[in-house]
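From a predicted model like this one, the values you see are computed outputs, not experimental measurements. Numbers here are sequence positions counted from 1. Reckoned from all heavy atoms, side chains included, excluding hydrogens, waters and symmetry mates.
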Amino acid sequence: MEYLDLNHRYYIVIALSKDKEDHLFDCQLFDDNGEIKAGYDGFWFDEKMFLLMEQYFFNFIDDECDLIITMYEEEFVFPEQLQQVIEIVKRMMCECDNDEVLELAKKMLCLLEKAKELNTAVGFCF
């Protein structure tokens, strides 16, 4: 399989407070080195991992939550959707047979649960 751009970063990010949440929606949360700015939490991965996450997780989240988590786009999971997304991720983790993807899914689950606790949205800034 040939990948389009292994240097492109795919971020999953949350605002650590409601005050910072407005800036989440413009996905301008990164410094010149591509690191996440203060007031936000998250992580990034490359296109190879995106394609695997899409296969194991994102497509199921999209189908069940009427979202479109796709390449080179932004999508947001709002607080009222978080419980449903968390349940989907947990369910799909039980079916995941790829250790590398499972580790990334665990990070995503922790971030989703933290967003639920903070009552903030989750940004898929791709």
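Separating the CD1 atom in Ile36 from the CD1 atom in Ile12 is a distance of 10.0 Å, to the nearest 0.5 Å. To the nearest 0.5 Å, atom CG of residue Leu104 and atom CG of residue Leu109 are 11.5 Å apart. Interatomic distance, CG of Leu112 versus CD of Gln84, reported as 12.0 Å (0.5 Å rounding). Here Glu54 contributes atom CD and Ile69 contributes atom CD1; the two are 9.5 Å apart, rounded to the nearest 0.5 Å. Atom CD1 of Ile86 is separated from atom CD of Gln81 by 11.5 Å, given to the nearest 0.5 angstrom. If you take CD1 on Ile61 and CD1 on Ile68, they are separated by 13.5 Å, rounding to the nearest 0.5 Å.
Aromatic pair Tyr40/Phe30: centroids not less than 6.0 angstrom apart. Ring pair Phe124/Tyr11: centre-to-centre distance not below 6.0 Å. Taking the centre of each ring, Phe126 and Tyr72 stay at or above the 6.0 Å mark. Taking the centre of each ring, His8 and Tyr10 come in below the 6.0 Å mark.
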Please lay out, stage by stage, how Thr120 and Leu24 fare under the test side-chain contact (heavy atoms from CB on, under 4.5 Å). CA-CA 10 Å; Thr120 61; Leu24 179 70; 6.0 Å; no
Let me see the working for Lys114 and Asp41 under salt bridge (charged side-chain N to carboxylate O under 4.0 Å, His left out), right down to the final yes or no. CA-CA 9 Å; Lys114 188 173 188 177; Asp41 190 10; 2.9 Å; yes
Determine whether Arg91 and Glu64 satisfy the following criterion, salt bridge (charged side-chain N to carboxylate O under 4.0 Å, His left out), listing intermediate values before the conclusion. CA-CA 12 Å; Arg91 185 180 75 232; Glu64 295 182 40; 2.3 Å; yes
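Between Gln83 and Glu113 the shortest side-chain heavy-atom distance does not fall below 4.5 Å. A heavy-atom distance below 4.5 Å is found between the side chains of Cys65 and Val85. Under the 4.5 Å side-chain criterion, counting only non-hydrogen atoms from C-beta, Thr70 is not in contact with Glu75. Counting heavy atoms from C-beta outward, Val13 and Phe43 have side chains that stay 4.5 Å or more apart. Contact check for Val89 versus Met92: no side-chain heavy atoms found under the 4.5 Å cut-off. No side-chain heavy atom of Gln55 sits less than 4.5 Å from a side-chain heavy atom of Val101. Between Met108 and Phe58, the closest side-chain pair of non-hydrogen atoms falls below 4.5 Å. Side-chain contact between Glu103 and Lys106: present, with at least one pair of heavy atoms (C-beta onward) separated by less than 4.5 Å.
Without hydrogens or angle criteria, Glu21 side chain to Ala121 main chain gives a donor-acceptor distance under 3.5 Å. Remark: the backbone N or O of Lys37 is not paired with any side-chain donor or acceptor of Asp31 at under 3.5 angstrom.
More than 12 non-hydrogen atoms from other residues, nucleotides or ligands lie less than 6.0 angstrom from CG of Leu102. No more than 12 heavy-atom neighbours from other residues, nucleotides or ligands sit within 6.0 angstrom of CD on Glu100. Within a 6.0 Å sphere centred on CG of Asp26, other residues, nucleotides and ligands contribute more than 12 heavy atoms.
Under the 4.5 Å side-chain contact rule for hydrophobic residues, Met93 and Ile88 share a cluster. Phe57 and Phe45 fall within the same hydrophobic cluster, where Ile, Leu, Val, Met, Phe, Trp and Tyr residues are linked whenever their side-chain heavy atoms come under 4.5 Å apart, directly or through other members. The hydrophobic clustering, which links ILVMFWY residues whose side-chain heavy atoms are closer than 4.5 Å, places Met71 and Val77 together.
Ring pair Phe78/Phe76 is tilted by interplanar angle, where 30° to 60° counts as tilted.
The existence of a salt bridge linking Glu35 and Arg9 is confirmed by a sub-4.0 Å separation between a basic side-chain nitrogen and an acidic carboxylate oxygen.
Nearest heavy-atom pair across Pro79 and Lys18 is CG-NZ, 4.3 Å.
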